[in-house]
Amino acid sequence: MKLNKQEVLVCNCEGTMAIDAKALGKACAAAPGDAASGELSVACHLCRGGIEEFLRLAKGSDELLVACTQEAPLFLEALDEIGQEAGSGGTAIRFANIREKAGWSKDAGGKSQQKKNLTAKIAALLAEATLDIEDSHSITMTSNGVLLILGSGGDALEAAKNLSSRLDVTVILEPGAEAVPPRVMEVPVFTGRITGAVGHFGQFQVSVEDFTPASPSSKEALSFDGQAQKGVSEADLILDLRGGTPLFTAPEKRDGYFNPDPGTPGLVANALFEMTDLVGSFEKPRYVDYDDAICAHSRATITGCTRCIDNCPTSAITPAGDKVEFDPYICAGCGTCASVCPTGAARYNLPAGETLFKRLRTLLRTYALAGGETPRLLVHDAEFGEDMFGLMARTGGGLPANVLPFAVNQVTQVGLDFLLAASAYGAERVVALLAPGKVDERPVLEAEFDLAGKVLDGLGYGTGHYAIADDIDPEALEKRLYGFDGLTSPPGADFLPLGRKRSIMALALEELHTSASTPVDAIELPAGAPFGTVIVDTDGCTVCLACAGACPTGALRDNEDKPQLSFTEQACVQCGLCRNTCPESVISLTPRLSFLAGAGEAQIIKEEDPFECIRCGKPFGAKSSIEKMMTKLEGHPMFQDKGGTERLKMCDDCRVFALAEEDEHPLASGARPTPRTTADYLEEREELRQSAARDMADKGLIDTEGDGE
């Protein structure tokens, strides 16, 4: 059978999965996109007895999907043996896991609808696996194997000895550290006080004070002599065995920085093993696609939104004028910046573009069209999630038939747009499986889930649609997933996920509102929500339009033809730039989500007749602005001369004419200085001589009347 033009091979793994070939083929045909063609046959032992069938189809197919991940290396090896290259011009082969994620489930022997859900789920997983994933951009990081080991004792020297044959090692011990001198000084050893570090894998810089080399005459314990220095040590890799405060925030997320507990030999050994392979050039995804044109960080040095900066665990995001800068070398790819960004300026780029939402739509729509009911989306990462599902399937009851696993690079990349879209596509629940190493990022994820829950509750769907699971015991996770109560299901709509964050949220919200049992006009939201309106005290507003100039989304706009301020609520992200910029302090924010028709249209807040020039009658500003300016400058010293504040009532052209008329000779220069001649200098010299003589006479030093000495 072909699905989306790809040949699909399905195996029941020696009969351990109950797969109805006819029902599954019919379910696959319901998938959106290119319809399935041909009949589906289910193999029993594809990786062994059925390998010839695999090779036959591989030779005649450009694209092939094998519904097995455990034996993927064997299938690729079989292709190599017949000289058939996988990819790069040969057969493009993909693998999908339907066994641990679906087939090995206790629901396979359940009621009729459970079996139907299971078949629909397998079809959905296959349809999702056939989608083309848009490549993301990447950066190159280079390491020459220069390693800096920081320690407080002999363990640092032991680690250096083990790595010295593979890496270029330098050791810096903390002041006062005690260590036995090595028999052979295979690496340079120093002592020094570490004061800070910056950089990333391949380009670390560690600041050191009291930097002193080890003495070659050290006997019982290492001693250090020489003149202490202050400087910076550069390295590609850092092994920190001090056991104290790490050099970086979120140290586990800083590539090239290893900070194992020195008291746990197993962790230290793993770090040493991993470091030996970190020499050469490495590709790293550029995780975030940033559009500075819609960034709400700042305008004219006035700060608005700082959500990405505040929530980045690695400090990879820094202010850069009115925008922000993302350091892709430090970024760990957690995706929290994209999940909290109100405008969508920061978008997670793994996978690139709209691929994530296309996968989401395909999975949920295929499941629904194939007859599946009550879909529950389980968002997970590739490593922890897959391990948990494997243990559940092998030692317990596996995943429920209506729980659809959805793999992402990082669970923390999931934001409000994803949650609302999942609900609009029909997911009764969305559960995020959080890996143990991501506990510190839970608050950001919870905030997004709570906000999405308030939206659905406000629309009448009730509570409990979004949850975070942090179980590390497969049995506990299985109990949680099978123990969910039924909820009011969202609509199961269908729309193409086009555009960035705000566009996708608008499409999802429209579907959710349309299908709500009791549609409401607006939902009150907590402070910080990326939806809302602005309240302007029109009595104090002078229509200076500073707010319109600062608004990053165009929610506040001016009118080219007359003094007018308008507002489009649907475009407002509550960044606060308008409030912070307003010189009259007459703007406040009210977070809410409005579904009124007028929310998507520009509503006039205030408009005035233009102020007309008192000289030529030309309109050139708002009346309230000019009058306010006149009031403020009436007593100013610079406006007390002729013309005074009257010039403020003139347009720019007439103001120039008025200045010229107030001076009879506006182009005249100052008096021209008289040229100095030799006679002038001689006369000045004589005057100075006579003045000096009078001074001396007054003091009795000379006689100016007689012939006295």
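Scope of the values below: all heavy atoms of this structure, side chains included, with no hydrogens, waters or symmetry mates.
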How long is the straight-line distance from [atom2] of [Y] back to [atom1] of [X], given to the nearest 0.5 Å?
X	Y	atom1	atom2	answer
Asp327	His200	CG	NE2	6.0 Å
Thr362	Asn4	OG1	CG	7.5 Å
Phe357	Ile504	CZ	CD1	4.0 Å
Glu373	Asn402	CD	CG	9.5 Å
Cys334	Tyr287	SG	OH	10.0 Å
Leu247	Asn259	CG	CG	7.5 Å

Write out all pairs satisfying side-chain hydrogen bond (donor to acceptor under 3.5 Å, both in side chains) with one or both partners inside [range], taking only residues at least two apart or from two chains.
range	result
residues 427-444	Lys253-Asp440, Lys253-Glu441, Arg376-Glu428, Gln410-Lys438, Thr412-Glu441, Arg442-Glu446, Arg442-Asp470
residues 564-591	Asn559-Gln564, Gln564-Glu607, Glu569-Arg592
residues 519-542	none

If I compare all heavy atoms of [X] with all of [Y], which pair ends up nearest, and what's the gap?
X	Y	answer
Pro328	Arg286	CG-NH1, 3.6 Å
Thr366	Pro32	OG1-CD, 3.2 Å
Ala67	Ile98	CB-CD1, 3.8 Å
Ser423	Pro491	O-CD, 4.0 Å
Pro530	Leu451	CD-CD2, 3.5 Å
Thr488	His465	O-CE1, 2.9 Å

Checklist line | More than 12 heavy atoms of other groups within 6.0 Å of Ile472 CD1 | finding: no

Next item on the list: Answer yes or no: are there more than 12 heavy-atom neighbours, outside Glu252 itself, under 6.0 Å from its atom CD?
Entry: yes

Quick check: does any side chain N or O of [X] sit under 3.5 Å from a backbone N or O of [Y], one acting as donor and the other as acceptor?
X	Y	value
Lys284	Tyr329	yes
Lys121	Pro400	yes
Tyr466	Glu448	no
Arg94	Ala129	yes
Thr343	Ile294	yes

Sequence-distant partners of [X], salt bridge (Lys or Arg N to Asp or Glu O under 4.0 Å), two or more places apart:
X	result
Lys101	Glu386
Arg557	none
Arg254	none

Note to self: Using the side chain to side chain contact (heavy atoms under 4.5 Å, CB included) criterion, which residues pair with Leu507? Sequence neighbours excluded.
What the structure shows: Phe495

[X] vs [Y] side-chain heavy atoms within contact, under 4.5 Å:
X	Y	answer
His380	Val408	no
Thr336	Pro313	yes
Ser339	Val414	no
Phe595	Leu593	yes
Phe389	Pro405	yes
Leu65	Leu3	no
Leu459	Val520	yes
Ser515	Tyr461	yes

Check: Residues two or more places apart in sequence or in another chain: which of them pass ring-ring contact (aromatic ring centres under 6.0 Å, His included) with Tyr367?
Finding: none

Item checked: Pair Val431-Leu377, side chain to side chain contact (heavy atoms under 4.5 Å, CB included): steps then yes or no -> CA-CA 6 Å; Val431 180; Leu377 194 71; over 6 Å; no

Next item on the list: Assess whether side chain to side chain contact (heavy atoms under 4.5 Å, CB included) is satisfied between Met392 and Leu481, documenting all intermediate values.
Entry: CA-CA 11 Å; Met392 290 168 60; Leu481 296 177; 4.1 Å; yes

Next item on the list: Please assess Asp289 against Arg500 for the test salt bridge (Lys or Arg N to Asp or Glu O under 4.0 Å), listing each intermediate value before the final yes or no.
Entry: CA-CA 11 Å; Asp289 170 30; Arg500 294 182 89 93; 3.4 Å; yes

Margin query: Taking side chain to side chain donor-acceptor pair (under 3.5 Å) as the definition, give me every residue that meets it alongside Arg359, ordered by chain and number, with sequence neighbours left out.
Written below: Glu128

Next item on the list: Classify the angle between the aromatic ring planes of Phe418 and Phe406 as parallel (below 30°), tilted (30 to 60°) or perpendicular (above 60°).
Entry: tilted

Next item on the list: Please step through side chain to side chain contact (heavy atoms under 4.5 Å, CB included) for the pair Leu433 and Val411, ending with a clear verdict.
Entry: CA-CA 7 Å; Leu433 179 58; Val411 172; 5.6 Å; no

Ignoring hydrogens and angles, write down the donor-acceptor pairs under 3.5 Å from the side chains of residues 314-323, residues two or more places apart or on other chains.
from, atom 1, to, atom 2, distance (Å)
Asp322, OD1, Ser298, OG, 3.2
Asp322, OD1, Ala300, N, 3.2
Asp322, OD1, Thr301, N, 3.4
Asp322, OD2, Ala300, N, 3.2
Lys323, NZ, Asp292, O, 2.8

Next item on the list: Decide, yes or no, whether a salt bridge links Lys501 with Asp291 under the criterion of side-chain N to carboxylate O below 4.0 Å.
Entry: no

Margin query: Name the residue from Phe248, Tyr257, Phe258, Phe282 that meets the ring pair (Phe, Tyr, Trp, His ring centres under 6.0 Å) definition with Phe201.
Written below: Phe282

Show me the donor-acceptor pairs within less than 3.5 Å that the side chains of residues 348-355 make with the rest of the protein, sequence neighbours left out.
from, atom 1, to, atom 2, distance (Å)
Tyr348, OH, Gly333, O, 2.5
Tyr348, OH, Asn409, ND2, 2.7
Glu354, OE2, Gly499, N, 3.0
Thr355, OG1, Ala352, O, 2.9

Next item on the list: Using distance alone, with no hydrogens and no angle criterion, decide if Gln6 and Thr130 have a side-chain donor and acceptor under 3.5 Å apart.
Entry: no

Item checked: Sequence neighbours excluded, every pair satisfying salt bridge (charged side-chain N to carboxylate O under 4.0 Å, His left out) that has a member inside residues 302-314 -> none

